[in-house]
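These notes concern the structure reproduced below.
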Amino acid sequence: PDNDSAIISTLLTQFGEDVSLKPCVQYHISQEEVDADTGVLPGTEIVVERTYQYFDTYEGVKIVDSYISASIDGDGINRISAQRKAVVSVNANSEAINTGSRSDISLIEEEDALNLLLSNNKNLVTSEYFGSTFAYAPDGNGSHVLCYEFAFSGGLYYVNVVTGEIVNA
């Protein structure tokens, strides 16, 4: 069943980590019956494992590459891993954002960012679009930038909110 209560409890009791309010992304592994003549039998898919990734945040915004992850199957929790980042603000613009003085910062509109993403990734046009949120994604230079995070059936995609650049996280 889609229920992460055993994972939340285990992470709290064994590691002192309360993940219950963290942004969570869930993945699953499923299996289906296959007929040698006709292929996959419709209606036979069952989920055999679920993985939950609980993301750290900075000022309430998800950090893409800082998380604790746990997987569970019919026998219980089978894997726990963590990838954590130390987060510090080093940009003068963050002070302007925090004080509400945004006159020197120009953000691109979410719709424009989505259009940029779609024009650069033609395969996304046929993917199911689930929505967007904000996330800090690594920029490849050792820093993180604020991005729009767009969720599609094929994965998560990031566009820098200031520059409009597509960020490969």
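Please read these numbers as outputs of a predicted model, since none were measured by experiment.
- Between Asp73 atom CG and Arg79 atom CZ the span is 9.5 Å, to the nearest 0.5 Å.
- Listed for the Asn141 side chain is no donor-acceptor partner under 3.5 Å among the backbone atoms of Ser143.
- Remark: Asp56 does not engage Lys85 in a salt bridge, criterion side-chain N to carboxylate O under 4.0 Å.
- Considering all non-hydrogen atoms of both residues, Val167 and Ala137 come closest at CG1-CB, 3.9 Å.
- Val61 and Val19 fall into different hydrophobic clusters, where Ile, Leu, Val, Met, Phe, Trp and Tyr are joined by side-chain heavy atoms under 4.5 Å apart, directly or via other members.
- The closest side-chain heavy-atom distance from Leu41 to Glu32 is not below 4.5 Å.
- There is no path of hydrophobic side-chain contacts, each under 4.5 Å, that joins Leu21 to Leu12.
- The two residues Glu109 and Tyr148 have their closest heavy-atom pair at C-OH, 3.7 Å.
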TODO: Begin with the C-alpha distance, continue with both residues' side-chain angles, and end with the deciding distance and a verdict on side-chain hydrogen bond (donor to acceptor under 3.5 Å, both in side chains) for Asp2 and Tyr52.
DONE: CA-CA 10 Å; Asp2 181 5; Tyr52 298 88; 3.1 Å; yes
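- Just one of Asp4, Ile72, Ile77 meets the side chain to side chain contact (heavy atoms under 4.5 Å, CB included) condition when paired with Thr10; it is Ile77.
- In terms of heavy-atom proximity, Ile108 sits nearest to Gly164 at CD1-CA, 3.5 Å.
- Taking CD1 of Ile80 as the start and CZ of Phe15 as the end, the distance is 4.5 Å to the nearest 0.5 Å.
- The aromatic ring centroids of Phe152 and Phe130 lie 6.0 Å or more from each other.
- Summarising the geometry of Lys22 relative to Asp18, their closest heavy-atom pair is CE-O, 3.9 Å, with the distance given to 0.1 Å.
- In this structure, the side chain of Asn121 does not engage the main chain of Leu124 through any donor-acceptor pair within 3.5 Å.
- A continuous path of ILVMFWY side-chain contacts below 4.5 Å connects Tyr27 to Tyr67, so both sit in one hydrophobic cluster.
- Transitive grouping of hydrophobic side chains (ILVMFWY, heavy atoms separated by less than 4.5 Å) brings Leu107 and Val159 into a common cluster.
- Side-chain atoms of Ser66 never come within 3.5 Å of backbone atoms of Ile63 as a donor-acceptor pair (strictly under, hydrogens ignored).
- Ring geometry for Phe150 versus Tyr129: interplanar angle of 30 to 60°, hence tilted.
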Open item on the list: Could you go through Ile166 and Leu116, starting from their C-alpha distance and side-chain angles, then the distance that decides it, and tell me whether this counts as side-chain contact (heavy atoms from CB on, under 4.5 Å)?
Closed with: CA-CA 8 Å; Ile166 296 171; Leu116 283 167; 5.6 Å; no
TODO: Begin from the C-alpha positions of Asp65 and Gln83 and carry the test side-chain contact (heavy atoms from CB on, under 4.5 Å) through to its verdict.
DONE: CA-CA 7 Å; Asp65 59 347; Gln83 177 175 309; 3.5 Å; yes
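- For Gln26, the CD atom counts as densely surrounded, since its 6.0 Å shell holds more than 12 non-hydrogen atoms of other residues, nucleotides or ligands.
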Open item on the list: Apply side-chain contact (heavy atoms from CB on, under 4.5 Å) to residues Asn3 and Arg50 and explain how you reach the verdict.
Closed with: CA-CA 9 Å; Asn3 182 340; Arg50 292 188 189 278; over 6 Å; no
- [ ] Carefully, step by step, assess Val162 and Val145 under the rule side-chain contact (heavy atoms from CB on, under 4.5 Å).
- [x] CA-CA 9 Å; Val162 176; Val145 293; over 6 Å; no
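- The two atoms that bring Phe55 and Val64 nearest to each other are CE2-O, 3.1 Å, heavy atoms only.
- Nearest heavy-atom pair across Ala135 and Tyr158 is CB-CE2, 4.0 Å.
- Judged by distance alone, the side chain of Ser9 and the main-chain N or O of Ala6 form no donor-acceptor pair under 3.5 Å.
- Note that the CG atom of Leu118 and the OH atom of Tyr157 stand 10.5 Å from one another [nearest 0.5 Å].
- Here Gln53 contributes atom CD and Ser81 contributes atom OG; the two are 7.5 Å apart, rounded to the nearest 0.5 Å.
- Atom CD1 of Ile7 sits about 8.0 Å away from atom SG of Cys24, to the nearest 0.5 Å.
- Atom NZ in Lys62 sits 8.0 Å away from atom OG1 in Thr133 (nearest 0.5 Å).
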